Amino acid sequence: MSSAALAALPWTPGRALAAGGAAMTAQDALLTLQFDRSMRTRVAYRGKSLTPFQASEVLLLKDGSAIDTFAFDGEDRQPVTDTRHGAGLRHVFTGLSKQGIEKQVAVTFFEQSPGLALMQVRYRNTGTQPVDVAGWRSAAHELAEVPGGFWSFSGTTHEDRRDWVQPLGDNFDQRNTLGMDASDYGGGTPVANIWRRDVGLAVGHVEPVPRTLDLPVRKTGKGASIAVEGVQAITLAPGQALSTERTFLSAHTGDHFAPLALYRDFMKAEGIAAPQAPSSAFESTWCAWGYERDFTVAQILATLPKVREVGFQWAVLDDGWQTNEGDWQIDRRKLPRGDADMRAFVKAVRAEGLRPRLWLAPLAADPGSEILYKHSDMLLLDEYGSLQKVSWWNALTQCPAYQPTIDYYVALVKKAIGDWGFEGIKLDGQHLNAVAPCYNPAHKHASPNDSCEKLPDFWNAIYKAAHDANPDAVVELCPCGTAFAFHNLPATDQFPSSDPLSSWQVRSKGKSVKALMGRGSSYAGDHVELADGRDDFASSVGIGAVISSKFTWPRDTENPTAPLPEGGYVLTPEKEVLWKKWVALYREHMLPLGDYRGELYDIGFDAPEAHAIAKDGAMYYAFYAKDWNGTLELRGLGEGRYRVRDLFNGTELGSVDAKANTLRAGFTRFLLLQATPETPRMSTVDTAPRRRWLAYALCTVALWGVWGALAGLSAQRGFPDTLVYCVWALTMVPPALFILWRTGWQLDRSPRAIAYGLAIGLLGAGGQMLLFKALTIGPAYFIFPIISLSPVITIVLSFALLRERTGWMGALGIVLALVALPLLDLSFGGGTQGLGWFALALIIMAAWGIQAYFMKLANHTVSAESIFFYMMVGALLLAPVAWAMTDWSQPINTGLDGPWMTAAIQVLNAVGALMLVYAFRYGKAIVVAPLTNAGAPLVTAVLSLVFASVVPGPLKMVGLALALVASLLLVLEPERPIPHDA
């Protein structure tokens with residue numbers, strides 16, 4: 001169980017310290033571990049002792065006994081600098097047992113992970129006799145009982161699909177294995193946590209691949225205990241050593257959210273993190289599973305208009321479209337023409353303004369399937385050669401670490417996304433979370449554990465295939481009823497609550513997953529019909545989960561595979577009113593895009609249960625209880641007073657502030673509150689988020705308008721346009737670095753971010769290079785009007801591919817802007833010099849139009865800061881080309897009114913480009929592109945008239961008038977927060 005990281009540890013003593021005294025303590029500002037002379041440890045948090053000295057790291061023997069006492073022999077203490085985790089301090093404590101077993105405990109604290117102790121232990125047999133070992137135990141501690149008891153979080157999977165978050169009753173005892181709890185249930189997040197009202201302890205492992213360790217939690221007579229254990233049957237010969245995995249111990253206040261977030265940040269530095277989810281991953285979902293497997297295509301197609309009317313945005317084709325699990329051939333009883341009918345189905349979904357998603361259950365092969373007959377080599381076999389069963393489908397598990405298995409499912413996903421045209425896939429099944437060790441000799445595994453440890457690689461291959469086929473595809477991973485496997489996180493755009501057994505599971509899983517995935521990730525509450533009362537949207541909306549439903553309409557299926565619940569799933573008129581209200585509320589506030597403040601409330605001890613989300617200057621609160629009538633505390637408020645509103649009922653509840661943050665309220669089941677600042681500067685908080693694009697777009701218009709009025713000064717002062725480009729590229733650097741600094745240097749280094757950013761930068765800069773050439777062979781009075789039509793390209797692409805729409809005012813504004821643009825640049829001059837310039841002008845127009853489209857597309861999945869950084873890189877890459885194009889035979893002004901004045905002018909251009917990226921992030925490309933392209937020349941013309949008395953000609957006057965009207969229409973176009981065809 002050793003790792004590469006273990007090899008780097010200083011097991012050989014370096015600067016040894018004497019035994020005893022302060023040398024026996026390892027600590028940071030929050031957490032302290034103190035070793036006594038028997039190598040037992042005591043835990044303290046913020047200077048307060050939490051435990052007595054306990055045998056926390058022990059060697060478990062085959063006969064059931066344990067070696068738990070080691071005479072302390074010294075400590076080695078060394079500062080460390082880790083490329084992933086930064087600066088820290090590592091201690092290696094050494095002791096020797098009477099059996100001759102030397103124990104070395106390495107404890108490392110990193111400055112950027114306060115309160116987390118990273119631990120590894122090595123046991124070495126220094127005696128003359130072999131020792132039969134069963135395994136090891138680390139970070140084993142017992143917290144004392146206090147009034148109120150304990151709560152716990154377990155990240156491991158149980159076949160009975162029990163709650164992840166539970167109170168510890170008197171007989172509570174969970175082994176919490178990360179191995180297989182059943183043939184198709186296993187794995188999870190390698191963290192366990194116990195906490196009291198005042199403090200808690202969390203343990204786990206931080207290996208970059210899944211490990212089959214145990215995280216036992218038990219209620220004891222004196223309190224509650226927690227540990228990490230590894231089963232490792234081995235005979236330790238004299239001189240031989242055994243090393244544990246890297247484990248951690250953390251102390252905290254509050255519930256499990258804080259340690260999970262700390263673990264998430266640590267693992268992010270290890271290279272395991274959730275991707276930035278596409279914007280479509282936050283759109284509401286309807287699933288056809290209400291019709292179950294025996295659906296008809298006609299049933300689904302007849303329901304789609306109602307789906308759109310209610311306001312859902314995705315339509316999922318669930319289980320039943322295929323002949324069986326394994327072959328994944330289209331069932332021609334439902335889609336007689338096969339591929340052609342599947343493409344037609346996708347087209348029909350899109351025609352309703354919905355996004356199509358397809359259900360798949362990889363790694364399962366049904367008995368009787370062709371794949372099982374022709375490729376039995378794919379099967380996962382245990383050490384006895386037995387097959388592993390997936391119980392729900394009575395299918396057999398395939399090995400995810402076998403290349404033919406990977407290739408088979410990669411091809412299937414590429415077909416679903418690239419050929420059939422689905423925009424997302426739903427990967428479903430409890431067997432997806434983890435698999436057993438594989439002993440199939442055909443696979444030639446280096447170790448049977450390859451199947452367990454390389455499962456994330458399988459999902460990464462699936463994820464890559466989906467995004468290669470469509471960069472904006474949504475990959476939903478739904479391991480039914482299991483505990484979310486953290487190592488699969490990089491391959492997940494959306495994780496649902498996975499067949500919750502209650503609304504409590506929707507909410508408690510949601511808090512856990514949001515801690516593990518972080519902001520920018522998508523958690524879905526699953527079908528509302530699985531929640532309490534089969535109508536509890538509140539448990540999803542209030543915690544910032546994506547909502548979904550599997551309603552049927554106008555009637556239920558006539559062939560259910562199991563008895564339907566009372567009333568079925570049909571959308572009755574009464575339900576329809578309620579469903580529409582919740583969907584509208586969800587889409588208006590879009591709480592999944594906010595910052596989930598899980599640290600503010602303790603889900604175990606605070607009553608009523610509470611959740612908080614910060615979004616767009618407001619605070620949102622969700623309270624849950626069977627019945628409540630009493631005081632509510634609104635935590636996390638900023639300065640000033642806040643107006644509190646009951647979102648669901650639309651009533652005002654008064655005002656609060658950070659010091660007087662309580663109010664009395666009564667409710668049944670739920671209460672959703674919105675607290676918005678009362679100060680005049682925030683009086684438009686409800687509409688500002690939706691108009692944020694306009695502020696950025698107007699900044700672009702202003703900056704580019706001023707820049708346009710001054711841009712000609714450089715050439716007039718003897719500084720050529722090619723060198724102006726070089727200076728402009730350099731002026732991109734300060735704003736790019738500034739915004740990265742503002743975001744904590746969070747640069748997206750994913751291939752997608754780099755590709756998008758460089759494409760945007762190179763399209764813009766490349767167009768500029770071509771413009772230099774075009775102006776040497778063609779007439780500017782024709783070239784600029786052609787180039788000015790680049791928004792046409794952006795509008796067409798955004799309309800067709802992004803399905804952007806606007807109202808009549810916006811549409812009229814777009815048309816007027818497109819008419820105005822060439823008029824603003826049109827002039828007449830002498831004859832032309834051939835038609836090569838015309839082709840170049842068309843290429844430039846296309847390049848700049850595509851650039852703006854990509855700017856909007858990239859903003860769906862990449863931060864604006866990262867986009868602009870890579871735009872800057874693209875601009876700098878072409879600076880040498882501009883330098884080489886410079887005519888150095890002509891005199892060049894290098895004085896203050898040369899490059900330095902140019903830099904001052906071009907900063908306006910660079911910051912304007914940055915504002916444009918933000919405008920595209922929050923606004924529609926079909927509106928932002930024409931508004932900025934028409935508005936900037938309007939500002940330039942006004943400034944030229946005022947300061948230089950330059951009167952535009954008749955055509956330009958017409959263009960300016962049209963641009964003014966167009967800009968007003970685009971600005972005044974009402975926002976539509978709930979467009980059903982979006």
Side-chain angles (χ1 to χ4, degrees), residues 43 45 50-52 54-56 58 60 64 66 135 137-182 185-205 212-231 247-260 263 481-484 500-509 511-512 515 601-607 609:
V43 180
Y45 181 67
L50 303 182
T51 71
Q54 298 167 332
S56 53
V58 304
L60 306 175
R137 180 184 300 132
S138 289
H141 296 280
E142 182 182 33
L143 279 178
E145 183 77 59
V146 297
F150 292 87
W151 279 77
S152 73
F153 163 81
S154 168
T156 59
T157 292
H158 298 83
E159 187 179 13
D160 60 10
R161 303 188 176 190
R162 66 189 63 173
D163 294 341
W164 301 359
V165 179
Q166 306 174 72
L168 268 61
D170 290 340
N171 298 316
F172 189 93
D173 190 352
Q174 282 190 183
R175 186 66 188 165
N176 291 335
T177 180
L178 288 162
M180 301 304 292
D181 193 60
Y185 282 86
T189 292
V191 179
N193 184 205
I194 56 174
W195 73 92
R196 307 181 309 211
R197 164 64 82 174
D198 61 331
V199 74
L201 293 177
V203 301
H205 83 71
T212 54
L213 305 180
D214 298 337
L215 307 172
V217 170
R218 185 167 60 93
K219 184 69 173 64
T220 67
K222 296 180 180 180
S225 66
I226 194 167
V228 182
E229 294 186 5
V231 176
T247 63
F248 77 89
L249 171 70
S250 174
H252 64 94
T253 55
D255 63 18
H256 64 301
F257 183 86
L260 288 184
Y263 171 78
T482 63
F484 175 62
L501 301 180
S502 65
S503 291
W504 164 255
Q505 286 197 352
V506 173
R507 301 190 301 269
S508 58
K509 287 183 178 184
K511 182 163 196 173
S512 308
Y601 294 97
D602 187 322
I603 198 171
F605 289 102
D606 283 334
E609 177 192 338

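Not measured: the values here are computed from a predicted model. The analysis underlying the following values was restricted to heavy atoms, covering all of them including side chains, and did not include hydrogens, waters or symmetry mates.
Closest of all the heavy-atom pairs between P259 and A202 is CB-CB, 3.6 Å. In terms of heavy-atom proximity, T253 sits nearest to A258 at O-CB, 4.3 Å. Annotation for A224 and I194: closest pair O-CD1, 3.7 Å, computed over non-hydrogen atoms. Taking all atoms of both residues into account, the shortest heavy-atom contact from F605 to G149 is CZ-O, 3.5 Å. The heavy-atom pair separating T212 from G179 by the smallest distance is CG2-CA, 4.0 Å.
Residues satisfying the salt bridge (charged side-chain N to carboxylate O under 4.0 Å, His left out) test with D170, not counting sequence neighbours, are none. Evaluation of the side-chain contact (heavy atoms from CB on, under 4.5 Å) rule for R161 yields Y185, Q430, C480, D499, L501 as partners, not counting sequence neighbours. Partners of S503 by side-chain contact (heavy atoms from CB on, under 4.5 Å), not counting sequence neighbours, listed by chain and number: R507, A531, D532, D536, S539. In terms of the salt bridge (charged side-chain N to carboxylate O under 4.0 Å, His left out) criterion, residue partners of R175 (sequence neighbours excluded) are, by chain and number, D214, E229. Residues satisfying the salt bridge (charged side-chain N to carboxylate O under 4.0 Å, His left out) test with D606, not counting sequence neighbours, are R197, R635. Under the salt bridge (charged side-chain N to carboxylate O under 4.0 Å, His left out) criterion, K509 pairs with no residue at all, not counting sequence neighbours.
Looking at V191 and V203, their side chains never come closer than 4.5 Å, going by heavy atoms from C-beta outward. Side-chain contact check for T220 versus E145: every heavy-atom pair is 4.5 Å or farther apart. Looking at heavy atoms from C-beta onward, D163 lies in side-chain contact with Q505 at the 4.5 angstrom threshold. Two residues are said to be in side-chain contact when any heavy atoms from C-beta on lie closer than 4.5 Å; F484 and W164 meet this criterion. Looking only at side-chain heavy atoms (C-beta outward), L215 and I226 stay at 4.5 Å or farther from each other. Annotation: side chain of L168 is not in contact with side chain of W151 (no heavy-atom distance under 4.5 Å). S225 places none of its side-chain heavy atoms less than 4.5 Å from the side chain of V217. At a threshold of 4.5 Å between non-hydrogen side-chain atoms, the residues V228 and R137 do not count as touching.
Proximity of a side-chain donor or acceptor of T157 to a complementary backbone N or O of G186 within less than 3.5 Å is detected. In terms of modelled atom types and a separation under 3.5 Å, the side chain of N176 and the main chain of P216 share no donor-acceptor contact. Checked by atom type and distance alone, the side chain of R196 never pairs as donor or acceptor with a backbone atom of L143 at under 3.5 Å.
Atom OG1 of T51 sits about 7.5 Å away from atom CG of L201, to the nearest 0.5 Å. Note that NE2 of H141 is 4.5 Å distant from OG of S56, once rounded to the nearest 0.5 Å. Between the CH2 atom of W504 and the CD atom of Q166 there is a distance of 10.0 Å, given to the nearest 0.5 Å. The CG atom of D160 sits 7.5 Å away from the CG atom of D181 when rounded to the nearest 0.5 Å. How far CH2 of W195 is from OG of S152: 6.5 Å, rounded to the nearest 0.5 Å.
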Inset, instruction - Evaluate salt bridge (charged side-chain N to carboxylate O under 4.0 Å, His left out) for K219 paired with E142, printing each intermediate quantity in order. - result: CA-CA 9 Å; K219 184 69 173 64; E142 182 182 33; over 6 Å; no
Inset, instruction - Tell me, with the steps shown, if D255 and Y601 meet side chain to side chain contact (heavy atoms under 4.5 Å, CB included). - result: CA-CA 8 Å; D255 63 18; Y601 294 97; over 6 Å; no
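The number of heavy-atom neighbours closer than 6.0 Å to CG of N171, taken from other residues, nucleotides and ligands shown, is 12 or below.
Ring pair F153/H256 is parallel by interplanar angle, where below 30° counts as parallel and above 60° as perpendicular.
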